[in-house]
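One structure below.
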Amino acid sequence: MKCFLFAPELSIKLCLQTQPLGVMADGGSWFAALAFGVSLLKCLFISAYHSTDFEVHRNWLALTHSLPVSRWYHENTSEWTLDYPPLFAWFEFGLSHVAQHFDRNMLVVENLNYASASTVLFQRLSVIFTDLVFIYAARECCRCVQEQKGSRDILNQPAFVLAVLLLWNFGLLIVDRIFQLGLLINTACNSCAHHLQGALLFSILLNLKHIYLYVAPAYGIYLLRSYCFTQDNKDGSVRWSSFSLLRLLTLGAIVASVCALSFGPFIAMGQLPQVLSRLFPFKRGLCHAYWAPNIWALYNVLDKSLAMLGVRLKLLEEAELPRASMTGGLVQEFQHSVLPSVSPSITLVCTLLSILPAVASIWWRPCGARGFLRCLLLCALGSFMFGWHVHEKAILIAILPLSILAVESREDAGIFLVLTTTGHYSLFPLLFTPAELPIKVVLMLIFTIYSFTALRKLHSGQGSLLHPLELVYLLGLVAVAIVCEILFPLSPWKQRLPFLPLLITSVYCSVGVCYSFLRLYVSLLRQREKLKQL
């Protein structure tokens with residue numbers, strides 16, 4: 001039996017001591033049913049609303065199919081220029097050869113905003129098909145979750161709960177999951193002594209979508225600590241004399257080979273600076289058009305509030321202030337009015353400082369798979385909190401690994417409920433048409449209610465999962481939804497302040513995300529204190 005979720009010191013013991021459950025016992029029938037159900041649901045939504053990402057990927061299919069490689073990262077007929085790593089460009093190139101059998105017109109670069117029925121069908125099916133890799137990863141994760149003793153009801157088993165939390169994740173139902181699938185696979189491989197395979201898969205993932213730089217420090221330090229250093233001291237700290245240069249060179253060769261295959265042709269053509277300028281477009285500004293719910297959303301609101309207060313107190317001249325640039329819903333650079341403006345270098349420093357304690361923790365004492373997962377989670381969330389031009393969908397990179405921890409720990413389950421509920425609600429503005437309102441509300445309610453009831457049963461007898469104030473905060477999301485989704489569209493403010501619902505949603509959800517980040521760090525420090533006492 002493969003065990004993918006636990007570090008070397010835990011994996012063998014758990015594989016030997018725990019009996020296969022659910023997935024193993026009945027041939028995977030319930031897991032297959034869950035996977036089939038979510039795929040069927042996505043098929044039902046094929047004709048539903050599609051966002052600008054639809055045109056983005058149609059354009060990338062067209063330019064990789066119709067243009068020579070040398071023009072891929074120079075083409076700018078569409079505003080949605082190619083800004084993913086080269087390996088993903090080759091992936092689009094491969095898909096384009098299938099797309100031509102659906103509708104050749106979608107592969108014409110000049111056909112901007114082309115959305116025939118065949119094009120929509122192809123785009124939807126390509127997502128559903130690549131979900132198979134995610135489904136496989138989720139299945140391997142569920143295989144290695146410990147069985148709950150004394151319970152024969154499969155619905156109350158950690159493996160079943162985890163399968164639902166992963167496969168039926170609300171965020172993955174409304175957002176394409178092509179790249180979220182890789183995270184679990186790499187997490188699984190790294191956590192069970194398959195270090196070289198993990199390094200290979202993560203390198204491929206990083207060359208498919210560079211947003212996974214968020215968690216690269218966790219992977220890099222974990223591999224260096226657990227693979228390149230072959231022995232620990234009795235207290236769990238690193239034994240420096242056990243360092244293996246050969247292993248380090250092996251890891252480096254794997255990473256360098258993948259990067260060479262991906263970037264090599266563009267380096268040979270002298271286009272590396274052009275590719276990097278597309279991958280890291282710092283002129284897009286601190287925040288996305290819709291602010292991700294992070295620390296910079298709170299910073300922006302504080303700056304705006306201080307500016308308004310300064311004008312009322314006649315400390316500032318309104319004519320000299322920037323003209324609502326950061327609340328205009330545009331992707332652009334802007335200057336803060338009162339507080340110091342934030343540069344990319346400042347966000348980088350803040351991000352590194354935010355993840356440093358987590359990375360240091362797995363260096364000094366890895367604590368097995370749970371330690372690695374917690375570090376990965378904190379790196380993802382720290383980068384989301386302090387990163388430059390963060391997209392709101394990036395919250396899913398933190399939610400998925402936290403799902404695994406939530407079925408094993410009551411404290412993590414409570415944090416999961418806060419982060420998932422606020423993180424998922426922050427995605428509501430991505431589906432803004434009236435026709436999708438009932439769908440997104442129903443889907444989120446079903447997932448949220450299931451998460452609360454299933455995790456409460458799973459951790460019954462261990463105390464409440466949430467504090468009263470946490471419950472009050474989460475219930476406040478109902479009021480926010482009523483105001484933003486129902487009342488505001490009917491009010492006269494809709495024309496005057498179109499960005500207001502987005503601002504309210506972002507700021508309110510920022511509080512929950514920041515709170516979850518702090519609680520995760522408190523949990524990490526508590527575990528460190530317990531280890532010191534042992």
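Quick caveat, the model's predicted, so the values are computed rather than measured. Just so you know, these numbers use all the heavy atoms, side chains as well, and skip hydrogens, waters and symmetry mates.
Between the side chains of Tyr515 and Glu470, at least one donor-acceptor pair of N or O atoms lies under 3.5 Å.
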Full working for side chain to side chain contact (heavy atoms under 4.5 Å, CB included) between Phe280 and Asp83
CA-CA 8 Å; Phe280 303 100; Asp83 58 5; over 6 Å; no
Criterion side chain to side chain contact (heavy atoms under 4.5 Å, CB included) on Asn294 and Phe386, from CA distance to verdict:
CA-CA 7 Å; Asn294 59 16; Phe386 297 99; over 6 Å; no
Side chain to side chain contact (heavy atoms under 4.5 Å, CB included) between Thr505 and Tyr425, worked out:
CA-CA 8 Å; Thr505 300; Tyr425 181 77; 3.7 Å; yes
Step by step, work out the side chain to side chain contact (heavy atoms under 4.5 Å, CB included) result for Ser523 and Arg374.
CA-CA 10 Å; Ser523 175; Arg374 196 172 299 279; 3.5 Å; yes
Take Asp412 and Arg519 through the test salt bridge (charged side-chain N to carboxylate O under 4.0 Å, His left out) and record every step on the way to the result.
CA-CA 9 Å; Asp412 290 326; Arg519 272 203 65 185; over 6 Å; no
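Of the possible donor and acceptor atoms, none in the side chain of Ser510 sits under 3.5 Å from a partner among the backbone N and O of Ile295. One N or O on the side chain of Asn233 and one on the backbone of Val238 form a donor-acceptor pair closer than 3.5 Å. Judged by distance alone, the side chain of Ser506 and the main-chain N or O of Leu502 form no donor-acceptor pair under 3.5 Å. Judged by distance alone, with hydrogens and angles left aside, the side-chain atoms of Ser383 form no donor-acceptor pair with the main-chain N or O of Ala380 at under 3.5 Å. A side-chain donor-acceptor contact under 3.5 Å links Arg278 to the backbone of Tyr73. In this structure a side-chain-to-backbone donor-acceptor pair under 3.5 Å is present from Gln123 to Phe54. For the pair Thr448 (side chain) and Leu445 (backbone), a donor-acceptor distance under 3.5 Å is absent. Remark: the backbone N or O of Phe134 is not paired with any side-chain donor or acceptor of Asp131 at under 3.5 angstrom. Side-chain atoms of His459 come within 3.5 Å of backbone atoms of Ala406 as a donor-acceptor pair (strictly under, hydrogens ignored). Checking side-chain atoms of His467 against main-chain N and O of Leu469 turns up no donor-acceptor pair under 3.5 Å.
The aromatic rings of Phe170 and Phe428 sit tilted relative to each other, their planes meeting at an angle between 30° and 60°. Ring geometry, Trp90 versus Phe93: the interplanar angle exceeds 60°, so the pair is classed perpendicular (tilted spans 30 to 60°). By the 30° and 60° cut-offs, the orientation of the rings of Phe88 relative to His57 is perpendicular.
Between Leu427 and Leu430 the shortest side-chain heavy-atom distance falls below 4.5 Å. At least one side-chain heavy atom of Leu200 sits less than 4.5 Å from a side-chain heavy atom of Ile204. In this structure, the side chains of Arg143 and Arg139 come closer than 4.5 Å at one or more pairs of heavy atoms. Annotation: side chain of Pro293 is not in contact with side chain of Thr422 (no heavy-atom distance under 4.5 Å). Looking at heavy atoms from C-beta onward, Tyr222 lies out of side-chain contact with Cys375 at the 4.5 angstrom threshold. Using a 4.5 Å heavy-atom threshold, the side chains of Phe45 and Arg124 count as separate. Considering only heavy atoms from C-beta on, Asn156 stays 4.5 Å or farther from Leu458 through its side chain. The side-chain heavy atoms of Glu92 and Leu95, taken from C-beta on, include a pair separated by under 4.5 Å.
Nearest approach of Leu34 to Trp168, heavy atoms of both residues: O-NE1, 3.2 Å. Heavy atoms only, all atoms of each residue included: Gly382 and Ile355 are closest at CA-CG2, 4.3 Å. Smallest separation of non-hydrogen atoms from Val418 and Ser516: CG1-OG, 3.5 Å. Among all heavy-atom pairs drawn from Phe447 and Val164, the shortest one is CE1-O, 4.1 Å. Nearest heavy atoms, Cys379 versus Val359: SG-CG2, 3.8 Å. Residue Ala216 comes nearest to Phe202 through the heavy atom pair CA-CZ, 3.7 Å, listed as atom of the first residue, atom of the second, then distance.
Taking NZ of Lys457 as the reference point, atom CG of Leu155 lies at 8.0 Å (rounded to 0.5 Å). Remark: Leu525 CG to Leu520 CG distance equals 11.0 Å, nearest 0.5 Å. In this structure, NE2 on His424 lies 4.0 Å from CD1 on Ile399, to the nearest 0.5 angstrom. With rounding to the nearest 0.5 angstrom, the CZ atom of Phe452 is 9.5 Å from the CZ atom of Phe416. Taken from CG in Leu356 to OG1 in Thr351, the straight-line distance is 12.0 Å, to the nearest 0.5 Å. To the nearest 0.5 Å, the span separating CD1 on Ile397 from CG on Leu400 amounts to 8.5 Å.
Taking the six-membered ring wherever Trp is involved, the centroid distance between the rings of Trp240 and Trp363 falls below 6.0 Å. Residues Tyr84 and Trp60 bring their aromatic ring centres within 6.0 Å. In this structure, Tyr508 has its ring center closer than 6.0 angstrom to the ring center of Tyr473.
Under the ring-ring contact (aromatic ring centres under 6.0 Å, His included) test applied with Tyr219, the options Tyr214, Phe372, Tyr227 reduce to a single match, Phe372.
Within the structure, salt bridge (charged side-chain N to carboxylate O under 4.0 Å, His left out) contacts touching residues 156-171 (residues at least two apart or in different chains) do not occur.
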Please tabulate, for side-chain N and O atoms in residues 250-257, each donor-acceptor pair with protein atoms closer than 3.5 Å (sequence neighbours left out).
unit_1: Thr250; atom_1: OG1; unit_2: Leu246; atom_2: O; d: 2.8
unit_1: Ser257; atom_1: OG; unit_2: Ala253; atom_2: O; d: 2.6

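The 12-atom threshold is not exceeded at CZ of Arg456, counting heavy atoms of other residues, nucleotides or ligands nearer than 6.0 Å. In this structure, Phe36 places its CZ atom where only 12 or fewer heavy-atom neighbours from other residues, nucleotides or ligands lie under 6.0 Å away.
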